[in-house]
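For this chain, numbers begin at 1 and follow the sequence in order.
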Amino acid sequence: MCGITGFWNPSRKNEREMRFVLDGMLDVLDHRGPDERGSRLYVDQGLALGHTRLSIVGLDHGHQPIEAEGGDYAITVNGELYGYKRIRTELACESLECSGKSDSAVALPLYLKHGLSFVERLRGEFAIVLYDHREQRLVLVRDRFGIKPLYYAMNDGGIAWGSEVKSILKHPDVPPKLCPKAAIHQMMQVMVPGSTAFEGVNALLPGHMLIVQRDSDRLIAKQTRWWDLEFPTSHESNPNPDEYVAGVKERLIDAVATRLEADVPVGCYLSGGIDSCSILGLATTLQQSPVKAFTIAFDSDAYDESNIAKLMAERTGAEQELLRLTEKELYGPAFERATWHAERTFYNTLAVAKWHMSRRVRACNYKAVVTGEGSDELFGGYPFFKQDWLGRDDDGGGIFAGAILAEEDLQHPDWMDLCGFTPSWIQPWMLTLKRVRPLLSQELQDLLVEYDPVGEVARAIDADQVRGRHRLDISQYTWSKTMLEGQILTWGGDRMDMANSMEARPAFLDHHVAEYAVQIPPEIRIRDGVEKWVLREAMVNVLPRELYERKKFAFMAPPAHTDPVKRQAIQEMISHWMTPERVSKLGVFDGDKLNQFIDDAWNETDGTIARRNDIVMNHALQLHLLHGQYVEGLPLPVVD
């Protein structure tokens, strides 16, 4: 795991200036790679490649950028490429040498042999930038699910890229400016795929590559898809459940075994859910030495599941590191730092909790953990998936209501055209947008006359991948193309993990597991109303009985309204960051209406509405934080 960044400005060929700019872009990525820094300048091209390294595989010989053919080819890699030993050996049998024994070293020889299709032979989580001097071509590649981030900004002067937006904003051609449309999307939680919070900065889509070709002193770019989560147009009728249970078990064991390989110790994240418990159970038997398990505990019984995690740790004999978090840790300086790392707003302080957890992992001298993200997406684990197929439950959603499930059924014409229904996962965010609209400034009110953020998200989905599919498949696909990448794998994953130089390896998102999972018939994924049934059965002898029989639990931090101490903690931040002057300068909200909303929110007695109010406050606060941190350049606080 590393940080990669760079730029290509064909008309600028001053070596001293290039070095100065690249150093600034690398400086803000030190947290992603504190072990080593490398760079390569092609001065006659105005091109610079930069890399900060977190050494996990090939500790003493993983320097990047990696070059070949006297510098005619160069590559930087962020991530983990699994199966690299076998690939390296196969390449050696064909007289294709790798530069060193790190996993990243196989990528460039594969490109020399296979051209752009080299990426199809890679397994893992990765973002890659490759320069082909002979073809005058730059290639940016992102892994299948977008586990590893890669952003870029392109204008008439050239292109700049980076593992995080903050590095791109250090380039003189990319001034930091928050995008008004993105501000609306952040307030409703759902970003348009490929967008960021900042004007002019894009996210390379998962499973895509951006091919940048030089034409005289200008660059021409084309984004193409090389992989997708493709559900079939029809499923097997009268399927044999046992075959699919065995298939899931076989592939998941392989995925976990693959992700335990490293030249440093690898631990596991452990919540009280089926996903992380399955990972720990498999890792325990796959690994010779005891496994270290890291668990977050909250000071609210409604949101804490550490008791189940403790059962799993005891069952497996894992050494459990338990991190208890209160309002002191979830708000204040840590909240501010988490926002800076996230580069966008988040609806729940789970992101702050994840920041603390990665910090604890590093304090325990671990650099890598295997995690359970992706299981819900592949096996139908979220309650809104079941609702889209089987209808609404009788319990009203419990603590899911207001944040994960809407309390009423909504429709939107663009989603109806795309899917034939409006997916349940976006409906609570439609209600959040409805709550936010009256609070916006006149400028943004005017923008919403012409701009429909809910429809814009629908229009970003490939209709060919939805048309003719089962309702459950459609729901899973649209969530995976939006919220998985834009939320779970960013502020809930990579950004909080790498903030403290720690790599997460989500085994369920192994593409061998995923390509098998989409073939599993819906009635095997969710059986007799039991979500993730096929996974439960595959792991029945691994999981504690209490967990095997348990319904999906919301892994969220307790919202501020649940505790007067938390309420006071966020109110102090609001008073500091959302002064009339700052609200006016940001220009997103009507100050009077926003203040009235906050006053009213603390008196709300309906739990569903209170959760939604908490979401709105988090987003509004963080928009002002982002403006202060990135546009005004205010310093970050120190966390004790």
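- With sequence neighbours excluded, the residues forming a side-chain hydrogen bond (donor to acceptor under 3.5 Å, both in side chains) with Thr478 are Trp425, listed by chain and number.
- Checked against side-chain hydrogen bond (donor to acceptor under 3.5 Å, both in side chains), Glu336 has the following partners two or more places apart in sequence or in another chain: Trp577.
- In this structure a side-chain-to-backbone donor-acceptor pair under 3.5 Å is present from Asp563 to Val565.
- Separation of atoms CD (Glu450) and CG (Leu447) is listed at 8.5 Å; rounding is to 0.5 Å.
- Between Leu322 and Ser306 there is a side-chain heavy-atom pair separated by less than 4.5 Å.
- Environment of CG in Asp600: crowded, with over 12 heavy atoms of neighbouring residues, nucleotides or ligands closer than 6.0 Å.
- Taking the side chain as every heavy atom from C-beta outward, Asn202 and Gln223 never approach each other to under 4.5 Å.
- Nearest approach of Val192 to Ala460, heavy atoms of both residues: CG1-CB, 4.0 Å.
- Using modelled atom types and a 3.5 Å distance limit, the side chains of Gln387 and Ser424 yield a donor-acceptor pair.
- Contact between Leu150 and Ala127 at its shortest, heavy atoms only, is CB-CB, 4.0 Å.
- Residues Val457 and His185 are in side-chain contact: their nearest non-hydrogen atoms beyond the backbone lie under 4.5 Å apart.
- Checked by atom type and distance alone, the side chain of Glu343 pairs as donor or acceptor with a backbone atom of Val165 at under 3.5 Å.
- A donor-acceptor contact under 3.5 angstrom links the side chains of Gln442 and Asp446, judged on distance only.
- In this structure a side-chain-to-backbone donor-acceptor pair under 3.5 Å is present from Thr490 to Gly486.
- Considering every non-hydrogen atom in both Ala620 and Leu594, the closest pair reads CB-CD1, 4.5 Å.
- Under the 30°/60° scheme for interplanar angles, the aromatic rings of Trp479 and Tyr382 are found to be tilted.
- No donor-acceptor distance shorter than 3.5 angstrom exists from the side chain of Ser276 to the backbone of Gly272, with no hydrogens or angles considered.
- Remark: the backbone N or O of Ile4 is paired with a side-chain donor or acceptor of Ser163 at under 3.5 angstrom.
- Residues passing the side-chain hydrogen bond (donor to acceptor under 3.5 Å, both in side chains) test with Asp599, sequence neighbours excluded: none.
- Counting heavy atoms of neighbouring residues, nucleotides and ligands inside a 6.0 Å radius, atom NZ of Lys367 exceeds 12 of them.
- A salt bridge does not link Glu125 with Lys148: none of the charged nitrogens is closer than 4.0 Å to a carboxylate oxygen.
- Here Glu373 does not pair with Arg505 in a salt bridge; the nearest charged N to carboxylate O distance is not below 4.0 Å.
- Listed by first then second residue, pairs satisfying side chain to side chain donor-acceptor pair (under 3.5 Å) with a partner in residues 16-31 read Arg19-Ser39, Asp27-Arg37, Asp30-Arg37, His31-Glu164, not counting sequence neighbours.
- Taking the six-membered ring for Trp and thresholds of 30 and 60 degrees, Tyr269 and Phe294 have ring planes more than 60 degrees apart, a perpendicular arrangement.
- Separation of the Phe335 and Trp355 ring centroids does not fall under the 6.0 Å cut-off.
- You'll find the side chain of Pro453 reaches within 4.5 Å of the side chain of Leu448, heavy atoms only.
- Using a 4.5 Å heavy-atom threshold, the side chains of Val454 and Ile426 count as touching.
- Taking the six-membered ring where tryptophan is involved, the planes of Phe589 and His624 are essentially parallel, since the angle between them stays under 30° and well short of 60°.
- Summarising the local packing, OH of Tyr451 is surrounded by more than 12 heavy atoms from other residues, nucleotides or ligands at distances under 6.0 Å.
- Judged purely by atom type and a 3.5 angstrom limit, Thr349 has no side-chain atom pairing as donor or acceptor with the backbone of Val352.
- A donor-acceptor pair shorter than 3.5 Å can be found between the side chains of His171 and Asn9.
- Side chains of Ser441 and Asp590: no donor on one and acceptor on the other come within 3.5 Å.
- Checked for salt-bridge contact, Arg32 and Asp494 meet the test: a charged N lies under 4.0 Å from a carboxylate O.
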Chi angles and distances behind the salt bridge (Lys or Arg N to Asp or Glu O under 4.0 Å) call for Lys181, Glu199: CA-CA 9 Å; Lys181 290 181 179 178; Glu199 284 200 359; over 6 Å; no
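- For the pair Thr52 (side chain) and Cys2 (backbone), a donor-acceptor distance under 3.5 Å is absent.
- In summary, the side chains of Glu377 and Gln476 do not present any donor paired with an acceptor at a separation below 3.5 Å, with no hydrogens or angles considered.
- Salt bridge present: Arg12 and Asp173 bring a charged side-chain N and a carboxylate O closer than 4.0 Å.
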Any chance you could lay out the salt bridge (Lys or Arg N to Asp or Glu O under 4.0 Å) test for Glu632 and Arg582, step after step, and finish with the verdict? CA-CA 11 Å; Glu632 297 180 51; Arg582 288 186 177 277; 3.2 Å; yes
Step-by-step salt bridge (Lys or Arg N to Asp or Glu O under 4.0 Å) determination, Asp409 to Arg392: CA-CA 9 Å; Asp409 294 320; Arg392 186 177 289 274; 2.7 Å; yes
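- Side-chain contact between Val436 and Met188 is absent, with no heavy atoms from C-beta onward closer than 4.5 Å.
- When all heavy atoms of Ser167 and Trp161 are compared, the pair lying nearest together is OG-O, 4.2 Å.
- Taking 4.5 Å as the limit, some side-chain heavy atom of Leu489 sits within range of a side-chain heavy atom of Leu484.
- Using a 4.0 Å cut-off between charged side-chain N and carboxylate O, Arg567 and Glu572 make no salt bridge.
- When every heavy atom of Gly24 is checked against every heavy atom of Lys170, the shortest pair comes out as O-CG, 3.7 Å.
- In this structure a side-chain-to-backbone donor-acceptor pair under 3.5 Å is present from Gln622 to Asn618.
- The side-chain hydrogen bond (donor to acceptor under 3.5 Å, both in side chains) test applied to Tyr151 returns Arg495, not counting sequence neighbours.
- Arg142 places no side-chain N or O within donor-acceptor distance of the main-chain N or O of His208, the cut-off being under 3.5 Å.
- Remark: Asp414 pairs with Arg459 by the salt bridge (charged side-chain N to carboxylate O under 4.0 Å, His left out) rule, at least two apart or across chains.
- A side-chain donor-acceptor contact under 3.5 Å links Lys354 to the backbone of Gly492.
- Counted by atom type alone, Gln189 and His619 present one or more donor-acceptor pairs between their side chains at under 3.5 Å.
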